[in-house]
Amino acid sequence: MSVITRFAPSPTGFLHIGGARTALFNWLFARHHGGQMLLRIEDTDRARSTEAAVTAIHEGLHWLGLDWQGEPISQFTGADRHAEVARQLLSEGKAYHCYCTPEELTDMRATAKAEGRSMRYDGRWRDRDPADAPKDQAPVIRLKAPQSGETVIQDLVQGEITVQNSEMDDMVLLRADGTPTYMLAVVVDDHDMSVSHIIRGDDHLTNAVRQRQIYDLMEWEVPHFAHIPLIHGADGGKLSKRHGALGVEAYRDMGILPAALRNYLLRLGWSHGDDEIIDTDQATKWFNLEGIGKSPSRFDIPKLENLNSHYIRAMDEAELCGLLAEQLVLTTGRALSDIELARLPLAIAALKERAQTLVELADKAAFLLDGRPLAMEEKAANLVTGDAPGLLAKAHACLGALADWNHDDIAAAVRGLAEAEDLKLGKLAQPLRAALTGRNASPGIFEVLYFLGRQESLDRIGDHMK
RNA sequence: CACCCCGUAGUCUAAAGGUUAGGAUGUCGGUCUUUCACACCGAAGAUGCUGGGUUCAAGUCCCGCCGGGGUGGCCA
C-alpha cells in the first residue's frame with residue numbers, strides 16, 4: 001500500500017509554526033516511504049476563510065522548502081459529496097434529522113452545566129417520530145452514534161486510545177443550511193483522497209475517536225492515525241500572540257534559514273538518538289513515527305539561532321552573499337553599488353562566523369558599505385581620542401606607502417608600526433578598528449583593511465587623524 | 001466539571017526493567033586572539049511527590065496525589 005499523507009490547514013491566517021511542523025512531518029514521512037503528501041485547504045467555514053490566508057500558507061510552505069503533490073484541494077468544493085454521504089447515512093438509518101434550535105441547544109448546555117452534568121446533546125430527536133417535525137424549522141443531520149460499548153483508535157504516536165461511547169453525543173454531520181461540518185468533511189475527504197496516514201496535532205486526538213464512528217458506520221477502512229504533541233510557548237502555555245513569532249514568515253524576517261528551521265522543528269518532538277544536526281536528506285532517510293515523543297514541547301529561540309548559525313556557516317558562500325545583499329538592501333533601504341557588492345565575497349568567510357541570523361550578518365557587514373563620515377558608536381568614539389589621531393596619521397602614512405594592497409603586506413605594515421612605536425598590537429588595532437568600522441568589534445583588522453580596499457581605508461583613517 | 005493525553009537540568013531530548021542518568025542548547029569560568037566571534041577545555045544544573053505497590057533491581061510497570069495540555073460548537 002502506498003503512503004499518502006496530507007497537510008490540512010484552515011485558511012484563517014498565516015502558516016502557523018505548529019502547522020509548519022505538522023507539514024514537515026507529513027512531508028518527511030511521505031518522502032521516506034516514497035509516497036506523496038497532498039495539500040487540502042479546510043475552508044468549509046466560509047466566514048473565516050480568506051484567499052489571502054491560502055496564499056500565505058502556500059508561500060509559507062514554499063519558503064520552508066516543502067512541496068505537495070498535485071493541486072491543492074479546496075474542501076469547500078466537495079460540499080455536495082459530503083452532503084451525499086450524510087444522506088446515505090440517513091437513508092441507512094445511521095443518522096437522523098434533529099430539529100433543535102440553536103437556542104434550545106444553548107439552554108441544554110446551560111442546564112447541564114448548572115446541574116454538573118457534561119454538556120452533551122441529549123439525543124432528543126434520535127428516536128422521535130418524524131411526524132413530530134416542525135414545518136418551519138430546517139433540520140440538521142446527526143450521526144446515530146453507538147450509545148454503549150467503547151470506541152478505540154490505535155494511534156501510532158499515542159498508542160491505544162479508548163473512549164466510552166457514553167461519553168460522546170450524536171455529532172452534527174450536515175448543518176441546517178445543508179453544508180457539511182468539519183467532522184464529516186475530514187472523514188469523507190481523507191477517505192476519498194485515499195489518505196493512508198493522518199499526521200496532525202494532538203488537539204485532534206479526541207476528534208479522531210469520534211471520526212472513527214463515521215468510518216465504522218460507513219464501513220470504510222480506518223486510516224492510520226499519528227497525533228503529534230503540540231508546541232507550546234516558552235511559558236508552557238498555549239502558543240499565542242504573546243509569544244511573538246507565530247507565523248513562519250516572522251522567522252524569515254528574523255533572518256532564519258529554512259534549512260535551520262526544518263532541523264529545529266524536526267528535533268522538536270522527534271529524536272534519533274543523540275543526533276542534533278540533521279539536514280533534510282538525512283532526515284528523509286531517518287524519519288519515522290516511532291521517534292516522535294508524546295509530551296508537548298516549548299519553542300526555544302536561542303536553540304533555533306544556534307542551529308541557524310550552523311547552517312549559515314555551512315552554506316555555500318556565493319549563495320550566502322546573495323542573501324546578505326538582499327538583507328542589506330532591506331536594512332539600508334537602498335541599492336548597493338558595484339564597489340560595495342564586490343566587498344561582500346571578500347568578507348563573507350569572516351562575517352559568517354560572527355552571525356546567528358541573516359539580520360545579524362547584515363549588521364556585522366554594515367561597515368562594508370560606503371557612507372563617510374562613519375557614524376561612530378560610543379565605545380568606538382572613545383577609541384579615537386587622545387594619542388589615537390597621531391597614531392592613525394602614522395598608520396595612514398605607512399599603509400599609503402604600500403606597493404600592493406594584500407593581506408600579508410597590510411599585516412606586516414601594521415605590525416611593523418606597532419613595533420616601531422613600542423606598542424602592543426591591540427593599542428594600534430583598536431583605534432584603527434574604530435576609524436574603519438565605527439565600532440569596537442569587527443573581524444580581524446588586517447582583513448577589514450583588505451576588504452575595504454586602499455582608498456576607502458585611507459579615507460576613513462584620514463577622517464580621524466588631525 | 002467530565003473524558004483523553006502528558007510530566008528527565010532553564011529549554012529540546014537519550015536511556016530492550018540492570019554502569020556514576022548520556023547528548024544538545026543556554027548559563028558561568030578558563031585557554032587562544034588584535035576586538036568580537038569561532039574553536040577548545042572546565043563547572044553548576046534533572047527523573048513533579050523525603051507518596052504507596054510489584055521486583056533481586058523502577059526514570060521505565062501499577063495505584064494515588066500534584067502540575068500542564070487537549071476536547072467537550074450547526075468552528076476547524
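We name chains A, B, ... by the order of the sequence lines, and we start the count at 1 in each one.
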Check this for me: does the side-chain of A/Lys303 come within 3.5 Å of the base of B/C12 through a donor and an acceptor? yes

Can you check the distance between B/U33 and B/A39, where both ends of the measurement are the C1' atom (answer in whole Å)? 11 Å

With a distance cut-off below 6.0 Å to the six-membered ring centre and an angular limit of 45° from the axis, does A/Arg439 pair with A/Phe367 as a cation-pi contact? no

Think A/Arg433 has a side-chain N or O under 4.0 angstrom from the OP1 or OP2 of B/U33? no

Side chain of A/Arg354, base of B/C38: donor and acceptor closer than 3.5 Å? no

Determine the contact category for A/His227: base if any of its heavy atoms lies under 4.0 Å from a base atom, sugar-phosphate if only primed atoms, P, OP1 or OP2 are that close, otherwise nothing. nothing

Should A/Ser271 be listed as having a side-chain N or O under 4.0 Å from OP1 or OP2 of B/C12? no

For A/Thr206 and A/Arg210, does a side-chain donor sit closer than 3.5 Å to a side-chain acceptor? no

Would you indicate, yes or no, if B/A76 has its OP1 or OP2 atom less than 4.0 angstrom from a side-chain nitrogen or oxygen of A/Thr44? yes

Do A/Asp43 and B/A76 have a side chain to base donor-acceptor pair shorter than 3.5 Å? no

Between A/His227 and A/Phe225, how do the two ring planes meet: parallel, tilted or perpendicular, split at 30° and 60°? parallel

Is there a donor on the side chain of A/Asp274 or the base of B/G22 sitting less than 3.5 Å from an acceptor on the other? yes

Examine B/A76: is either OP1 or OP2 under 4.0 Å from a nitrogen or oxygen in the side chain of A/Arg175? Give yes or no. yes

